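We name chains A, B, ... by the order of the sequence lines, and we start the count at 1 in each one. Because the structure is predicted, anything quoted here is derived from the model rather than measured.
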Amino acid sequence: MDWKDTLNLPKTSFPMKANLVEREPSFLEFWEKEKIYEKMLEKRANAPLYILHDGPPYANGHIHLGTALNKILKDIIVKSKSMAGYKVPYIPGWDCHGLPIELKTEQELGVKRGELPPLVIREACRKYAQRFINIQKEEFKRLGVFAKWNEPYLTMNFEYEASIAREFLRFLETDQIYQRKKPVFWCPNCVTALAEAEVEYAPHKSPSIYVKFPFTEKLKIFIEEKTNIKIDKPGYVLIWTTTPWTLPANLALAMNPEFDYLLVEWDGEYYIVAEGRVSALCAEMNRDLPKILAKIDPKELEGKKAKHPFYDRESLIILGDFVTLDTGTGIVHIAPGHGEEDYHIGLKYGLEIYVPVDQEGRFYEDVPLIGGLNIFKANKVILDILKEKGHLLYQDTIEHSYPHCWRCKKPVIFRAEDQWFISMEAKDLRKKALKSLDQVKFIPSWGRNRIYSMLENRPDWCISRQRVWGVPITVFKCAKCGEILKDYKYYQKIIEIFEKEGCDPWFVKSAEELLPEGTTCPKCGNTTFEKEKDILDVWFDSGVSFAAVLEKRSELSFPADLYLEGSDQHRGWFHSSLLCSVGTRGVPPYKAILTHGFVVDGQGRKMSKSLGNVIHPQDLIKQYGAEIIRLWVSAEDYKDDIKISKEILKRLVEAYRKIRNTFRFLMGNLYDFDPKKNLIPFEKLPEFEQYILYRLSKVIEKVKKAYEEFDFHIVYHEIHRFCVVELSSLIIDINRDYLYCEAPDSFKRRATQTVFYYALDSLVKLMAPILSFTAEDIWQNLPYEKEEISVFLTDFPSYKFELSADKVKNWEKILEIREEILRALEIARKDYKIINTFLEAEVFVKAPEELKGYLENSAFWEYFIMVAKFSLIDEIIETGENEIVCDSEEIKGLKIKIKPTEYKKCERCWQRKPEVGKLENPELCQRCYEVIKNR
RNA sequence: GGGCCUAUAGCUCAGCUUAGGUUAGAGCGCACGCCUGAUAAGCGUGAGGUCGGAGGUUCGAAUCCUCCUAGGCCCA
């Protein structure tokens, strides 16, 4: 007879092979068709809200691993918070305006800036953004992410655009907005500002000149006093520049406070230059080394002045870290209206942002000596003037990399233009923002420091962009007196227009058409107005999302419980959102900030095309399925950089299989188990089963806490470990005999199934936020009645299986002893080959007094370590034949003897038992005999 | 160059901050063996780190301090 047919072998429809790549779409379909996410929200209609506010990705290009990581983390939170009892409405968003899209659009249309009317560009940009929103939306969905995909927030939606303008006006109304000049790349040929991305660097020939700034009388006296040297000949501060035309705008001379400077004598003239440049200068100018007269501390020169080389004014000596010894003289000529660093240091020293150059690159008529001249032509004139004044020490030409306009290919200049700023100080925005951070929880905690120091040091926020794809800076100015209209009433009309038609009208209608009828200037009574041309920085767009989304949608609330983005957003969205919210509401828009690191390769290097180490989520989905990406996200500690490599993926796939197979076994052995009828109460279970359930409830506790603290890698490790240890290698292996061989409805079998049931029921729920596809797959294949149609509609398990501390200790000891015996058995099997399987072994144990209590129950140990015979004996007698004896290394005094059994094998359960051969059916053991008889 | 962060076995993580103290843990992988009634599965045993490097504090440090190196993010 083939006894196999009499066994209760596992039965399940749940396939061993996941086939994730092919099968995942069917689960996506199921979730969508059954509206599972909507049902999750409905089910928790009255539950406390948990608001995870989505930081909008830029609607440009496909998603990459970084965006995938971010959305999956958010999804894990949405699902886990929901299953922990919250209502979690998650509205995905997209950032739609801005230069990159505008540039891409121009590229696709084959045009350059200004060649098409604003509305044509705007329409094309809108289409472009929408295209990528659709693409990304599908890509996010494919990852198994739950969200209100049909009602996302888009920063280009009309209502959103109106919100942006409204928030800007709040700042304007409260006097936190001002206008000031700031240098930008400027193309005098195209008469337009350029963004950094619109600038191409190309070789360019420039004059290279060394210019002498004469000492003022005061400076001369100061130096004489300091050095005890009589300055009886002309003395100069020497600078180097490649843009002579910026000299008319010179207001200062910058020295590095860390460098040493020298007073030197060259051909009967005195100069101040950096010590570290002297020899290089000589080489360049073909001069002998100068006579070094004295060392000068630049810090002492701060605030002193030199004379302008050709104007009757003075130039302030200031200190700046940015001055280097790479080129020049170690002293930099500063024109705050014509350079980025010049501008910043100019602000610091309170210098005027002076721009003597008009939009077409000509000096204004009233500029002495060169008025009306084109700047590049003025270069030569300025050289002549310098020569004539004797203030040109040396002249040459150099070829260097210089910015050019990508449109006309002509060299561009740096030129300050009027820009709009949000003031950090006017209404104490900086102070308030810093203080508000105390109300925010940062995960990890160092995030606070990071945003704090950025906030502490940041300049006023320049919100102007000279572009068209965005929301206009809605400011009207009196055409006559220049008064800025600040009151909201002047903008009521335009906000209404934005809400209905978006911002387009601003670009085509006149100020008078956009203002309420009959508007007059409150200052001068004039009736004509100008409207601002600049648009808002896109960081302002996304920065006000709390107002446009959280406050606007009734299902949401402000402030959000959580913002979750990459650590770069400390300067980005976290930062801009904070300023927007504190500036208008006085509080941060979030209660907590969670940040993750960046995706790097196996060596910890960033992914880049040039390194060739880029991994695309699309490829991973094709090869492994989205589930493995989700598992990867959970397995790695995202607070640090997140590594990914072939090996990591291989490990994850293996771990995935182990988890899946463990579940498959649990399910396969519950085919005839009805929890309503067959569940055995915890108190009645055998102690081993109780112990496993106790371990299970520890895992439940730990995993739930890990979700609460966003430690998802702990979730993964715990679940995986539990599958491997407590389930696979302990109860599954040990109790398999009960499952297969005992009568179907026997206590032992039902007890084991009870443990399986609890493990399956809790783990499938606990893993669902991470292994969403697989959890749903398992849920749909549950062998018993489901409580809900989807696992996501259930709650996290709340089972508590308590065990007294004594019992826990007892079990830990038993497991320790078990390991010792297994070690001995392994020696018998592997080294001495006296047995093939442990089932064939007889085990004799001699134990120290304190351990005897654990070892007295032979029947238990025979079952627990699955051997033919077990006995605790007082003395181990070595016969030396076909046996091994070994001393435990770990437990002192424990001695173990192993020998093969003489018992015959029961053909049904394969256990060796003394009664086999002696019963009515000689092939069976007592237990199997009875099971068969009573079938 | 500045700010913040990270660095524990081949891989992913514990331990380190809320107390610094016996031979640094887990799982995977690997090697070897067993099983063939979870089978492109399962079980067992074993070998692998001196905790990025160098100093220092301490009776004693992976754990505290300093510096260095490598890497990441953000600036300049």
> Which part of the nucleic acid, if any, lies within reach of A:A635 when heavy atoms closer than 4.0 Å are counted: base, sugar-phosphate only, or nothing?
Replying inline: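 Sugar-phosphate only.
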> Counting any heavy atom closer than 4.0 Å, what does A:M454 reach on the DNA or RNA strands: base, sugar-phosphate only, or nothing?
Replying inline: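 A:M454: backbone/sugar contact only, no base atoms under 4.0 Å.
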In whole angstrom, what separates [X]'s [atom1] from [N]'s [atom2]?
| X | N | atom1 | atom2 | answer |
| --- | --- | --- | --- | --- |
| A:E654 | B:A41 | CD | C1' | 14 Å |
| A:H596 | B:G72 | NE2 | P | 16 Å |
| A:E726 | B:A26 | CD | P | 14 Å |
| A:F712 | B:C13 | CZ | C1' | 16 Å |
| A:F574 | B:G3 | CZ | P | 22 Å |
| A:R721 | B:A26 | CZ | C1' | 8 Å |
| A:E718 | B:G15 | CD | P | 12 Å |
| A:L455 | B:C74 | CG | P | 18 Å |

Which base sits across from [N] as a Watson-Crick or G-U pair, both distances under 3.5 Å?
| N | value |
| --- | --- |
| B:C43 | B:G33 |
| B:U6 | B:A70 |
| B:G21 | B:C59 |
| B:U50 | none |

Suppose we screen for side-chain contact (heavy atoms from CB on, under 4.5 Å). Which residues come up paired with [X], at least two apart in sequence or across chains?
| X | answer |
| --- | --- |
| A:V885 | A:I876, A:E878, A:E883, A:K895, A:K897 |
| A:A252 | A:L316, A:I318, A:I334, A:L351 |
| A:P298 | A:M255, A:Y261, A:L319 |
| A:K643 | A:V600, A:E636, A:I648 |

> Where does B:G60 land, syn or anti, once you apply the within-90°-of-0 test for syn?
Replying inline: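 It is anti.
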Pull out every protein N or O sitting under 3.5 Å from an N or O of nucleotides 32-38 of chain B, one pair per line with the distance.
residue, atom, partner, partner atom, Å
B:C32, O2', A:K830, NZ, 3.4
B:C32, O2, A:K830, NZ, 2.7
B:G33, N2, A:R829, NH2, 3.0
B:C34, O3', A:N836, O, 3.1
B:C34, O2', A:R829, NH1, 3.0
B:C34, O2', A:N836, O, 2.8
B:G37, O6, A:W910, NE1, 3.2
B:G37, N1, A:R908, O, 2.7
B:G37, N2, A:R908, O, 3.3
B:A38, OP2, A:R736, NH1, 2.9
B:A38, OP2, A:Y740, OH, 2.8
B:A38, N7, A:R736, NH1, 2.9
B:A38, N6, A:S728, OG, 2.9

> Hey, which of these two, A:H720 or A:L822, hits RNA chain B nearer its 5' end, going by closest nucleotide?
Replying inline: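 Residue closer to the 5' terminus by nearest nucleotide: A:H720.
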>> Suppose we screen for salt bridge (charged side-chain N to carboxylate O under 4.0 Å, His left out). Which residues come up paired with A:E341, at least two apart in sequence or across chains?
In response: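 Salt bridge (charged side-chain N to carboxylate O under 4.0 Å, His left out) check on A:E341 returns nothing, list empty.
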>> Short of 4.0 Å, heavy atom to strand atom, which residues of residues 889-901 of chain A count as contacting RNA chain B?
In response: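 Listed by number, there are none.
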> In residues 601-612 of chain A, which residues come under 4.0 Å of RNA chain B by heavy atom?
Replying inline: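 Result for residues 601-612 of chain A: A:G604, A:R605, A:K606, sorted by number.
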>> Do A:T6 and A:R908 pair up side chain to side chain, a donor and an acceptor below 3.5 Å, judged on atom types alone?
In response: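 Note: A:T6 and A:R908 side chains meet the donor-acceptor criterion.
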Donor-acceptor pairs under 3.5 Å, side chain of residues 65-73 of chain A to any protein atom, not counting sequence neighbours: which ones?
residue, atom, partner, partner atom, Å
A:T67, OG1, A:H64, N, 2.8
A:T67, OG1, A:H64, O, 2.8
A:N70, OD1, A:K74, NZ, 2.7
A:N70, ND2, A:L564, O, 3.1
A:N70, ND2, A:E565, OE1, 3.3
A:K71, NZ, A:D54, OD1, 3.3
A:K71, NZ, A:D54, OD2, 3.1

Show me the side-chain donor-acceptor pairs of residues 828-841 of chain A shorter than 3.5 Å, one per line, residues at least two apart or across chains.
residue, atom, partner, partner atom, Å
A:R829, NE, A:E826, OE1, 3.4
A:R829, NH2, A:E826, OE1, 2.7
A:K833, NZ, A:K830, O, 3.2
A:T837, OG1, A:L839, N, 3.3
A:E840, OE1, A:N836, N, 3.1

Filtered N/O pairs between nucleotides 4-6 of chain B and protein, under 3.5 Å:
residue, atom, partner, partner atom, Å
B:U6, O2', A:D640, OD2, 2.6

>> Can you list everything that forms a side chain to side chain donor-acceptor pair (under 3.5 Å) with A:R749? Sequence neighbours excluded, please.
In response: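 A:R749 satisfies side chain to side chain donor-acceptor pair (under 3.5 Å) with A:D672 once adjacent residues are dropped.
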